[in-house]
Amino acid sequence: MTGQVRTVDGRVAGRRGQATRQKLLDCLSEMLSSSPYRDVKVIDVARKAGTSPATFYQYFPDVEGAVLEIAEEMAKEGANLTDLVAGRSWVGKSGWQAAEELVDGFLSFWRKNDAILRVVDLGAAEGDKRFYKIRMKILNAVTNSLTDSIQELQSKNKVDKDVSAAAMAGSIVAMLAAVAGHQKGFQSWGVKQTELKPNLALLVHFGVTGKKPTK
């Protein structure tokens, strides 16, 4: 976390205060992994962190305010997802490798941040613009780079000009997000992770290039 950390009333938090604030966020993150978001109370977070509700309220207005802090930090990490696509070649064997690495990186990010992403998705679905912006920040990191990749292929006459690069990229990323959020559900269909990844990569590759991959 960079820059000055301030309390709710605007005071700059010292080193101990910053450590307490981070511990509260860490405990809240842990609780979101095992409890429904609506069931998490300030007193429970404070107790888990070994402090008091009054201390919690020094740094956050409420549980939702703390959740948004965690989500913002996660979104900053999510911005790095663009590295999975930016500057990659989608021609020949490089295209299949790009598809595989995009799928692997996307699913890994979702698994790592599963708890907070569930809360972000819930908030966005309920129309909370703050959560919606965070969700779009993560998805845009991939969508914009993927759009550029498809447009580059079009400029080299490797993808039909009638294809809308933005619509295709957005559809691919929406699919990735839906699958990433449903990874445990695939197990109930008898689909293993080792089967999911290559088949999802096949869809991604075909969506970007319009061709069967060269492996």
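Here the straight-line distance linking atom OH of Y132 with atom CD of E126 works out to 15.5 Å at 0.5 Å rounding. Taking CG of L102 as the start and CG of D83 as the end, the distance is 12.0 Å to the nearest 0.5 Å. The structure places CD1 of I150 at 12.5 Å from OG of S155, a figure rounded to the nearest 0.5 Å. A distance of 13.5 Å separates OG of S149 from CE of M168, quoted to the nearest 0.5 Å. Atom CE of M31 sits about 9.5 Å away from atom CG of D39, to the nearest 0.5 Å.
A donor-acceptor pair under 3.5 Å is absent between the side-chain atoms of S188 and the main chain of K184, judged by distance alone. The closest donor-acceptor contact from the side chain of N199 to the backbone of E195 lies under 3.5 Å. Side chain of Q183 to main chain of A180: a donor-acceptor pair is present (N/O by atom type, distance under 3.5 Å, no hydrogens or angles). Side-chain atoms of H205 never come within 3.5 Å of backbone atoms of K212 as a donor-acceptor pair (strictly under, hydrogens ignored). Looking at D62, its side chain does come within 3.5 Å of a backbone N or O of G65 through a donor-acceptor pair. Checked by atom type and distance alone, the side chain of K211 pairs as donor or acceptor with a backbone atom of K158 at under 3.5 Å.
Looking at heavy atoms from C-beta onward, I134 lies in side-chain contact with E72 at the 4.5 angstrom threshold. A 4.5 Å side-chain heavy-atom check between T20 and Q58 finds every atom pair outside the cut-off. A heavy-atom distance below 4.5 Å is found between the side chains of L28 and V40. Inter-residue side-chain proximity for D121 and R135 is flagged as met; some heavy-atom pair is nearer than 4.5 Å. For the pair E64 and F131, the minimum side-chain heavy-atom distance is below 4.5 Å. Looking only at side-chain heavy atoms (C-beta outward), L117 and I138 come within less than 4.5 Å of each other. Counting heavy atoms from C-beta on, the side chains of L122 and R38 come closer than 4.5 Å. Counting heavy atoms from C-beta outward, I116 and S29 have side chains that stay 4.5 Å or more apart.
Between E152 and K156 a salt bridge is recorded (basic side-chain N to carboxylate O distance below 4.0 Å). One finds no salt bridge joining D44 and K48 here, because no Lys/Arg side-chain nitrogen approaches an Asp/Glu carboxylate oxygen to under 4.0 Å.
Here the closest heavy-atom approach between residue L81 and residue G105 is recorded as CD2-O, 4.1 Å. Closest heavy-atom contact between F56 and A66: CZ-CB, 4.0 Å. In terms of heavy atoms, A46 sits closest to P53 at CB-N, 3.6 Å. Contact detail for A165 and Q154: the closest heavy-atom pair is CB-OE1, 4.0 Å. R118 approaches S33 most closely through the heavy-atom pair NH2-O, 4.3 Å. Residue P198 comes nearest to W96 through the heavy atom pair O-CH2, 3.5 Å, listed as atom of the first residue, atom of the second, then distance.
Within a 6.0 Å radius of NZ in K197, more than 12 heavy atoms belonging to other residues, nucleotides or ligands are found.
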- Task: Would you please test L24 and C27 for side chain to side chain contact (heavy atoms under 4.5 Å, CB included) and show each step?
- Result: CA-CA 5 Å; L24 285 163; C27 289; 5.9 Å; no
- Query: Is there a side chain to side chain contact (heavy atoms under 4.5 Å, CB included) between F60 and L25 once you walk through the steps?
  - Reply: CA-CA 10 Å; F60 311 105; L25 290 175; 3.5 Å; yes
- Task: Evaluate side chain to side chain contact (heavy atoms under 4.5 Å, CB included) for V91 paired with L153, printing each intermediate quantity in order.
- Result: CA-CA 8 Å; V91 178; L153 289 170; 4.0 Å; yes
- Show your working on side chain to side chain contact (heavy atoms under 4.5 Å, CB included) between E77 and N113 and close with a plain yes or no. CA-CA 10 Å; E77 182 188 340; N113 298 287; 4.2 Å; yes
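The cluster map of Ile, Leu, Val, Met, Phe, Trp and Tyr, joined by side-chain heavy atoms under 4.5 Å apart, puts V85 and F206 in different clusters. Criterion: ILVMFWY side-chain heavy atoms under 4.5 Å apart, direct or through other members. Under it, V163 and L202 are not part of a common hydrophobic cluster. The hydrophobic cluster containing L107 also contains W189, counting ILVMFWY residues as joined when their side-chain heavy atoms lie under 4.5 angstrom apart, directly or transitively.
No side-chain donor-acceptor contact under 3.5 Å links K76 and N80.
Note on ring orientation: taking the six-membered ring where Trp is involved, the planes of H182 and F186 are perpendicular (angle over 60°, cut-offs 30° and 60°).
With L146 as the partner, the side-chain contact (heavy atoms from CB on, under 4.5 Å) test is satisfied by one option alone out of V204, I172, L84: I172.
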